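Fair warning: this is a prediction, and the values are worked out from it, not measured in the lab.
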Amino acid sequence: MSKIILVTGGSRSGKSGFAEKIFKNTDDVLYIATAIVTDDEMDNRIKKHIDSRNSRWTTYEGFFDLDKAIEKYDINNILLDCVTIMTTNLMFKEKIDFDNISMGKIDLLLDEIKTQFEKLILKARVSDKNLVMVTNEVGSGLVPESKLSRVFRDIAGYVNQYIASQSDEVYLVSCGLPLKLK
C-alpha cells in the first residue's frame with residue numbers, strides 16, 4: 001500500500017535531510033528535482049543537494065506533468081524536492097503581470113497549480129508508489145510588502161494545505177528535528 005508523506009519547515013531547517021532519511025535503506029528511489037538554475041547561488045544550492053543524496057537514486061528534473069513523468073520509471077519510492085520551488089516555477093511558467101493580477105486570475109492560477117499536485121498524488125496512489133514531498137512553510141512571517149510576494153505566500157500556503165490533507169503523514173522540521181503533525 002502506498003504512503004504519501006509531506007515534510008515541511010523553514011529554510012535550512014533540515015527538512016530535505018529528514019525526507020532523504022525516510023528512504024535511507026533503499027536505492028529504489030526516483031528523486032524529482034524541481035529547481036531550475038537561475039544564477040550562481042541556485043547552481044551552488046543544487047550541487048549541494050546532489051552531493052548530499054544517495055548517488056544510486058534516479059534523478060528526474062522537472063516541475064510540470066510529474067504524473068506522466070513517474071509513469072516512465074519502474075521505481076516504487078518517489079522523493080519530490082521541493083513543492084515550493086515547483087509552485088514558483090508553475091507561477092512563472094506563463095508571463096503574468098502580478099502587480100495588476102485580479103483575484104479571479106489568482107484563483108485560476110491556484111487551481112492550475114493545485115491540479116498538478118492532484119494528478120501527481122493520484123498517480124502515486126493508483127500506481128502504489130510511496131511519495132515524499134518536501135515544502136517550505138512560508139506563512140509564519142510578516143505580511144509581505146509586494147503583491148507578488150503576497151500572491152506567492154497565499155498560493156504556496158493553499159497548496160501546502162491541500163497536500164497535507166491528502167497525505168498519510170505530515171512532519172514539521174525545525175532545527176533538524178522532526179515533529180509528526182499527522
Side-chain angles (χ1 to χ4, degrees), residues 1-9 15-16 18-24 26-38 42 45-46 49-50 53-96 104-138 151-173 181-182:
M1 182 171 159
S2 67
K3 187 179 278 192
I4 309 296
I5 299 173
L6 179 64
V7 178
T8 188
K15 60 193 175 295
S16 292
F18 173 74
E20 290 172 10
K21 286 178 187 172
I22 292 171
F23 294 131
K24 70 180 175 185
T26 183
D27 294 338
D28 179 38
V29 175
L30 174 62
Y31 185 99
I32 300 176
T34 62
I36 298 170
V37 176
T38 55
M42 184 57 85
R45 291 173 71 100
I46 290 170
H49 270 270
I50 290 169
R53 66 181 176 254
N54 185 332
S55 63
R56 291 180 297 271
W57 291 355
T58 300
T59 299
Y60 175 85
E61 296 178 356
F63 64 89
F64 187 74
D65 285 340
L66 296 180
D67 58 312
K68 295 175 184 168
I70 66 172
E71 282 182 325
K72 298 176 184 177
Y73 297 91
D74 185 25
I75 297 177
N76 294 321
N77 302 297
I78 303 162
L79 194 155
L80 185 149
D81 196 356
C82 122
V83 167
T84 316
I85 291 175
M86 181 174 165
T87 298
T88 302
N89 292 340
L90 291 168
M91 283 179 64
F92 289 106
K93 192 170 177 274
E94 306 288 329
K95 185 170 175 62
I96 297 173
K105 179 65 177 166
I106 293 170
D107 291 340
L108 287 173
L109 183 58
L110 172 60
D111 288 343
E112 292 169 8
I113 293 169
K114 194 172 125 187
T115 297
Q116 290 293 313
F117 290 101
E118 288 173 347
K119 294 187 315 185
L120 174 62
I121 292 167
L122 179 62
K123 180 58 71 176
R125 289 252 190 240
V126 301
S127 302
D128 200 29
K129 295 178 185 282
N130 297 307
L131 173 61
V132 174
M133 292 176 279
V134 177
T135 192
N136 289 285
E137 180 54 53
V138 296
V151 169
F152 168 75
R153 178 215 45 205
D154 291 351
I155 288 176
Y158 288 129
V159 166
N160 286 347
Q161 288 180 54
Y162 170 74
I163 294 172
S165 75
Q166 299 301 303
S167 296
D168 302 301
E169 296 177 14
V170 178
Y171 294 89
L172 172 65
V173 180
L181 303 177
K182 177 180 179 183

Shortest non-hydrogen separation from [X] to [Y] and the atoms involved:
X     : Y      : answer
Cys82 : Asn136 : SG-ND2, 3.6 Å
Ile4  : Ala124 : CD1-CB, 4.1 Å
Ile78 : Phe23  : O-CE1, 3.6 Å

[atom1] of [X] to [atom2] of [Y]: how many Å apart, nearest 0.5 Å?
X     : Y      : atom1 : atom2 : answer
Phe92 : Phe152 : CZ    : CZ    : 9.0 Å
Ile5  : Tyr171 : CD1   : OH    : 5.5 Å
Thr8  : Glu137 : OG1   : CD    : 4.5 Å
Ile22 : Glu169 : CD1   : CD    : 7.5 Å
Leu66 : Ile32  : CG    : CD1   : 5.0 Å

Revision key, fill the gap. Sequence neighbours excluded, the answer for side chain to side chain donor-acceptor pair (under 3.5 Å) partners of Ser16 is Asp81

Review point. Looking at residues at least two apart in the chain, or sitting in another chain, which of them share a side chain to side chain donor-acceptor pair (under 3.5 Å) with Asp168?
Key: Arg125

So, do [X] and [Y] sit near enough that their side-chain heavy atoms are less than 4.5 Å apart?
X     : Y     : value
Thr34 : Leu80 : yes
Glu61 : Thr59 : yes
Met91 : Ile96 : no

Under the 3.5 angstrom rule, does the side chain of [X] hit a backbone N or O of [Y] as a donor-acceptor pair?
X      : Y      : result
Asp67  : Leu122 : no
Asn77  : Asn130 : no
Lys182 : Ala164 : yes

Exercise for review: Kindly assign one of parallel, tilted or perpendicular to the pair Trp57 and Tyr31, based on the angle between their ring planes and the thresholds 30° and 60°.
Suggested key: parallel

Check your understanding: In terms of side-chain heavy atoms, does Asp27 have a donor or acceptor partner in Asn54 at a distance below 3.5 Å?
Key -> yes

Check your understanding: Just one of Val138, Asp154, Leu90, Val83 clears the side chain to side chain contact (heavy atoms under 4.5 Å, CB included) bar with Val159, so which one?
Key -> Val83

With a 3.5 Å cut-off and sequence neighbours excluded, list the donor-acceptor pairs that the side chains of residues 111-121 form with protein atoms.
unit_1 : atom_1 : unit_2 : atom_2 : d
Thr115 : OG1    : Asp111 : O      : 2.7
Gln116 : OE1    : Asp65  : N      : 2.7
Lys119 : NZ     : Asp65  : OD1    : 3.2

Check your understanding: Can you tell me if NZ on Lys129 sees more than 12 non-hydrogen neighbours from other groups inside 6.0 Å?
Key -> yes

